[in-house]
Amino acid sequence: MQLFHCPFCGTRDETEFHFGGEAGNIRPDGADVPADRWANYLYMRDNPKGAVREVWVHMNCGEFFVMERDSVGHEVVSSTSLDGAGHAR
Amino acid sequence: MTATRLSSGGSSIDRSRPVSFSFDGRKLQGFEGDTIASALLASDVAVVGRSFKYHRPRGIWGAGVEEPNALVDVGGSVARTPNTRATTELVLDGMIAKSVNASPNAAVDRNAFIDRFSRFIPAAFYYKTFMWPDWHLFEPRIRAVAGLGEVDARWQSPAAAADQINRHCDVLVVGAGPAGLAAAKLAASAGQSVILVDDQHEPGGSLNHRTGEIDGRPATAWAAETIGALSATGHTVLPSTTAFGIYDHNLVGLNQRHGDGRPDTLWRVRPRRIVLATGAIERPLPFANNDLPGIMSADAALVYLRRFAVLVGRRVVVATNNDSAYEVARALAEAGADVTLVDSRKDGTPAVPEGVSLTAGRRVAAARGKMRVEGAVLDEGTLLDADCLVVSGGWTPTIHLFCQARGKLAWSEAQAAFLPGDPVEGMAVAGAAAGAVSLSGVFESAAKAMPGATAAPRSTGVEATGGILAAWPIPDARGRVWIDYQNDVTAKDVELAARENFISVEHLKRYTTLGMATDQGKTSNLVGLALMGAVTGRTVPEVGTTTYRPPFTPVPLASFAGARGGELMSPVRRLPLENVHRARGAVFQEYGGWLRPAHYGGADADADCAIQDEAGRARQSVALFDGSTLGKIEVMGPKAAEFVDFIYYNTMSTLKPGRCRYGFMLSENGVVFDDGILVRLDEYRFVVSCSSSHVASVHARLEEWRQDRFGRDAVYVHNATSEMATLTVSGPNAKKLLATLGLGLSLDDADLPHMAMAEGMFATDPVRVARVSFTGDRSYEVSIRADRAEPLWARMHEAGMAFDAVTIGLEALMILRAEKGYIVIGKDTDGTTLPHDLGVDGPRAKRKGEYVGRRSLFTDVAMPGNRQQLVGLAVARGEEPLATGANAISREGGKLRSQGFVTSSYHSPTMGRPIALGLIERGAARHGEAVDIQHLGMVRRATITGPCAFDPSGERLNA
Amino acid sequence: MTRRYSAFSLIKEGLTGQKGWQPAWRSPEPKKTYDAVIIGGGGHGLATAYYLAKTHGIASIAVLEKGWIGGGNTGRNTTVVRSNYYYPESVAIYGLAHRLYEGLSKELNYNVMLSKRGMVSLCHSTGELEIGARTVNAMQINGVDAEMFSVDDVRRVAPLLNLASDARFPVFGGVWQGRAGTARHDAVAWGYARAAGALGVDIIQNCEVTDFIVEGGRCRGVHTSRGTIRTDRIGMAVAGHSSVLAAKAGFRLPINSYALQACVSEPVKPVLDTVVLSPGTGVYVSQSDKGEIVIGGALDRVPSYGQRGNLPTLEGVISGLLEMFPAFGQLKLMRQWAGIVDVVPDSSPIIGESPLPGLFLNCGWGTGGFKAIPAGGVLLAHLLATGKHHDISRPFDLDRFATGRLLDEAAGSGIAH
């Protein structure tokens with residue numbers, strides 16, 4: 001059982017959280033976005049082994065936030081609210 | 001042999017409380033406090049089980065969790081458990097124990113002949129044969145002789161589920177031997193909260209049977225006092241509790257046994273600091289036939305003597321390569337046995353105990369005997385007569401948990417063992433697990449494990465010494481030298497693995513099954529990899545270890561399950577009016593996670609009649625339906641209109657306040673994710689009505705887009721689904737019925753047309769009336785506070801009497817909506833259905849603004865061509881309905897091909913014929929065409945039609 | 001010449017102490033160049049090497065394995081082999097694998113213990129029965145040996161299953177594939193390794209690829225922990241680690257890596273003769289020939305490269321198992337582990353040339369790669385040998401993510417999304 005840190009509620013069990021995707025995956029708008037670019041947004045991932053930066057949602061409070069952690073050792077480095085992280089798509 | 005119970009002594013047993021139990025049908029006696037193993041030894045039962053592969057007779061090796069041989073199926077007065085370790089399970093009155101893998105019993109096993117063919121069936125032999133004619137011919141026989149204990153098919157799970165306890169503490173100490181007790185004492189005295197666990201029934205570890213003096217007190221007394229003081233000061237001491245795993249972020253799993261028939265308890269402990277004081281496990285010595293019953297760990301022999309007053313033999317050979325067995329030899333001699341000590345070391349051996357003869361510089365080369373040990377042959381040929389052979393091959397620190405926590409090991413040549421290497425954060429290892437030998441050394445390591453603490457205990461008595469001459473199996477030795485007892489892995493098997501290039505330690509394990517038995521190689525792993533090193537010219541650390549995986553010892557599945565079973569597993573969601581529906585005779589089924597009335601009245605056999613009746617009557621006058629499961633998610637804020645435009649496939653911002661619009665929500669891959677009605681309450685407020693089973697996921701999507709794209713200040717989203725009940729009145733007389741309720745609003749079609757909403761009052765409660773329809777008839781959805789729904793529902797029924805109203809369940813509603821060609825997402829669509837497949841192409845063709853999933857509607861695959869499209873499927877009146885799930889087929893080049901499938905199919909009582917919906921390739925352009933429909937090999941014909949079979953002009957919406 | 005395995009050779013060796021056996025595969029030093037290099041010594045990589053040598057006659061092949069062969073998902077799965085898929089494209093690829101599995105022990109002269117004990121996927125409601133019918137019909141049309149099972153049929157193959165009508169997930173019937181079953185996972189890797197080795201393939205363990213050599217826009221070799229190896233054809237079959245290598249090669253993949261856990265009970269005498277899958281609990285279970293109950297369930301919830309088990313998923317899986325088989329409440333968990341699986345949005349594999357010419361992909365099998373090993377080998381070998389897709393692998397190219405032609409079995413077979 002990992003412990004994640006919700007920027008709003010504090011440290012909670014991993015089972016309260018849901019993975020929301022890699023952070024910084026900017027959505028291209030428009031019907032004329034090139035197919036490759038759209039596929040890149042929709043499907044392609046960095047999926048790094050080691051340091052990751054991801055969007056998570058704390059299901060209990062419903063807030064999305066950005067978490068930095070290690071995908072091998074599972075150390076959690078930081079949690080930042082979406083506003084603070086400047087993440088937008 | 002002749003193991004006997006001495007007339008006095010035994011710190012763990014209560015001679016005033018005899019217990020009766022049976023083993024392999026034999027009635028035996030023991031005392032309260034005995035383990036099954038000690039009671040069996042006291043009765044001189046030598047053969048307690050059969051090995052996994054060769055069905056070799058096996059006796060008790062150890063006195064703890066490392067036991068590879070003595071597994072029994074227990075039952076009788078205690079819960080039935082296969083493969084129970086006899087060395088850790090207390091014997092209880094009325095217990096029935098049966099040896100495993102033996103038939104009819106351990107002493108006489110009809111599969112014992114297999115051992116005679118052992119030379120032909122070495123490690124991994126099965127990969128080399130049984131290929132012709134087919135593995136299937138051999139497999140049943142192989143399976144039957146494999147396996148250990150037996151599952152009782154009639155077994156009933158206990159009424160009470162296993163408890164699961166979550167606990168935080170400052171320090172968790174694993175192991176209540178001298179190191180653990182010292183660490184716990186230091187932590188407690190530093191004001192920290194402590195949980196101390198020990199896998200034995202009696203905490204104390206080696207202090208319970210090894211001689212020692214601490215702070216001037218006998219070791220056993222010091223242990224008892226320390227434990228007493230910890231308990232008395234509010235710390236938690238858990239005996240019979242195994243720390244079986246350390247998981248991410250230092251969560252420790254404990255399994256606590258109760259010994260009183262209660263299921264075990266799972267503890268999840270989150271300590272700030274973990275002290276592993278898990279001790280060390282004695283290794284066997286490698287010599288031929290070292291698996292004979294009567295060959296036992298020296299330390300275990302001392303345990304049985306001191307704690308259970310069992311003398312394991314009369315003529316005992318003690319074979320060792322280290323100092324620790326000397327105390328054992330002395331104690332056995334003092335208890336009256338003839339003891340010969342064989343020490344592989346020539347020099348530097350400790351003083352020979354009184355009454356013991358020592359042969360130094362010699363090894364045991366082989367054991368003699370068939371069903372139990374009868375003697376030991378030394379390497380120079382001497383035969384020593386013996387009824388018991390106790391051995392110490394050195395000590396393997398118990399570092400399993402340290403490794404589970406991703407700690408790295410360091411090889412100690414001096415101690416011939418892997419010790420914990422670089423420290424792991426939040427964790428310390430103390431005592432024998434860290435390589436300490438003497439009590440002074442143990443306490444020193446305990447003090448280091450609790451930095452800052454002062455006043456560690458002091459050893460004031462005789463100190464244990466180490467001094468080991470490593471004894472690893474020698475390549476090409478004569479005879480069969482057992483390494484893994486339970487899985488029957490011999491030195492020759494390891495050599496065979498090396499010969500065949502299975503030299504990686506993980507290959508060695510998998511190829512030979514070394515260490516994969518229920519004891520997980522606690523006595524065998526190091527011995528095996530040392531031999532692999534010797535055979536391949538590598539050092540032990542070069543060979544390395546396999547990964548240590550949880551659990552440390554097997555844990556009951558029931559502990560992990562806890563109380564999560566039955567209705568607590570994925571709990572269903574329930575309607576506010578469930579009991580009211582039950583009183584009306586509703587038959588419930590689970591739909592998309594909700595428990596809902598399928599129909600009212602009609603047991604299993606009559607269900608279809610009841611459903612047909614409900615669906616038929618609903619079109620005649622008026623129907624009442626509980627639609628409370630429908631999602632009701634409020635969207636509000638300055639950018640609410642912009643937000644719903646982005647969320648929906650359809651343009652929604654043009655909706656006027658008080659009006660409703662039907663629309664799709666898409667996923668970003670363009671697939672229709674949900675459909676439903678959006679209600680605009682006012683300029684800045686909307687209510688999203690989504691499918692019952694999609695409420696949580698739609699809400700999550702709204703939140704994600706809101707927070708990630710629009711911002712917190714722009715929109716607010718609130719899921720009000722469970723706050724409101726929604727009761728639907730539908731049918732030609734719906735308006736008349738509603739008019740009698742006095743809701744204080746105008747039902748005039750000019751004021752409340754189809755797809756409009758109005759607010760009113762029922763008694764003192766506000767209601768929202770939406771004129772929307774899922775039946776194709778004039779319908780009103782009345783939403784009210786969930787806790788006030790019952791009077792309204794009752795009032796509707798009362799008023800309905802005058803109109804011959806019918807209460808309908810979900811099954812009838814499914815027929816009504818299918819008659820109209822209204823879809824259910826996930827039933828009439830699948831995970832590939834795009835909106836234009838459902839005939840809604842307008843937004844895709846015309847919308848300018850951005851919306852979720854938009855770009856995906858213009859990929860290659862989204863282009864109209866061979867896509868499956870929603871259609872109706874008609875069969876002749878009088879025929880049975882098509883089977884839902886039947887596939888439309890075509891033959892192309894002699895090959896069958898699926899063109900789509902039937903998604904919904906019913907008999908329509910109103911139309912008097914079957915109706916069906918389907919997704920069929922290019923179906924929209926094929927109305928009137930006949931297709932073959934195949935179901936489980938049978939083919940029928942159906943005609944493709946438009947989806948709507950009933951009232952296509954929609955007149956009944958306003959009738 | 002590799003020594004042939006047979007009962008006769010075992011008996012002969014038994015008379016001389018089993019001392020005449022040779023290494024199952026050689027462990028040579030890597031050469032400087034090869035005709036083809038395969039990264040990843042799991043089942044897929046080793047099978048690729050085998051078919052490259054056997055079918056296409058390529059002489060000089062190396063398999064580079066960063067650890068020990070078969071140490072990844074090949075040795076960490078629940079050993080189920082089946083081909084009951086919905087789409088014709090999926091049936092083609094898994095059917096190919098299944099047929100090859102059926103002859104694999106004889107083909108490789110290595111008993112992979114394919115046990116065609118059948119598999120039943122349970123239906124817990126009338127709705128699931130309808131979906132079951134839909135998939136069975138599609139499968140029958142596509143030539144798969146699928147059939148609908150009644151509750152009595154289910155009882156016959158799994159008598160210990162909880163079939164009570166008031167069970168949390170009551171059983172209404174099931175979807176059966178009689179040819180499905182299990183195989184001995186390690187043996188598949190070792191059997192391919194031995195057979196490939198006998199054809200001259202160099203199997204190089206403890207050899208981690210650290211980077212790709214790119215010249216003229218093409219992949220020309222790899223740098224490894226054991227030196228530089230040049231080749232013009234590189235196949236990559238590294239499952240959960242595909243993204244890591246892809247990043248070194250300069251492209252991204254539609255993959256998220258997750259731990260998939262499995263566990264076994266202590267061994268017991270035979271009590272379960274088939275494979276049972278419950279969509280309600282998400283648990284699938286079988287009994288190994290050794291007697292262990294082999295238990296698998298859903299993915300972990302947290303993306304991860306950590307090959308280790310954890311409690312929350314395990315607890316959910318075990319409680320699901322006991323819901324299905326209450327009698328297993330007598331048993332104890334013996335071992336728990338995890339593999340890193342490469343999860344693709346449509347859960348179908350990716351086979352084809354990568355964006356870096358000369359580098360070919362075999363990945364994205366997610367939780368189901370073991371059953372496909374022979375097909376993965378045949379198809380990647382075909383690509384490496386000819387530079388072109390086999391008809392069966394064409395639909396599984398990476399380009400499907402741009403065209404939208406995904407092959408989502410779960411979506412297509414009507415499982416709620």
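Numbered from 1 within each chain, the chains take letters A, B, ... in sequence-line order. Because the structure is predicted, anything quoted here is derived from the model rather than measured.
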request  = Output every pair passing side-chain hydrogen bond (donor to acceptor under 3.5 Å, both in side chains) with a member in residues 342-351 of chain C, not counting sequence neighbours, ordered by first then second residue.
outcome  =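 Output for this query lists C/Asp346-C/Arg400.
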Could you measure the distance from the [atom1] atom of [X] to the [atom2] atom of [Y]? Nearest 0.5 Å is fine.
X	Y	atom1	atom2	result
A/His74	C/Asn310	NE2	CG	8.5 Å
A/Asp70	C/Tyr305	CG	OH	11.5 Å
C/Phe251	A/Asn40	CZ	CG	13.0 Å
A/Met1	C/Leu314	CE	CG	11.5 Å
C/Thr313	A/Glu14	OG1	CD	6.5 Å

inquiry  = Test your reading of the model: is there a side-chain donor-acceptor pair from C/Arg301 to the backbone of A/Glu16, 3.5 Å cut-off?
reply    = no
Please report the shortest heavy-atom distance between [X] and [Y], naming the atom on each side.
X	Y	answer
A/Asp46	C/Ser243	O-CB, 3.8 Å
C/Arg252	A/Met44	NH2-O, 3.3 Å
C/Ile255	A/Arg45	O-CB, 3.6 Å

query = Any idea which of A/Ser71, A/Pro34, A/Ala35 has the most non-hydrogen atom pairs under 4.5 angstrom with chain C?
reply =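 The answer is A/Ser71.
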inquiry  = Please evaluate residues C/Val302 and A/Arg69 with respect to the criterion side-chain contact (heavy atoms from CB on, under 4.5 Å), reporting the C-alpha separation (whole Å), side-chain torsions for both, the decisive distance (0.1 Å), and the verdict.
reply    = CA-CA 11 Å; C/Val302 184; A/Arg69 62 183 190 98; 3.4 Å; yes
message = Less than 4.5 Å to any heavy atom of chain A: does that hold for the side chain of C/Leu406, its backbone, both, or neither?
response = side chain
message = For the NE2 atom on C/His389, are there more than 12 heavy atoms of other groups (residues, nucleotides or ligands in this structure) within a distance under 6.0 Å?
response =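 Count over threshold, so yes.
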request  = Identify which part of A/Phe17 has an atom lying under 4.5 Å from any heavy atom of chain C, answering side chain, backbone, both or neither.
outcome  = backbone
task = Output the option from C/Pro303, C/Ala402, C/Gly306, C/Pro345 having the highest count of non-hydrogen pairs under 4.5 Å with chain A.
result =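 Ranked by heavy-atom pairs under 4.5 Å with chain A, first place is C/Pro303.
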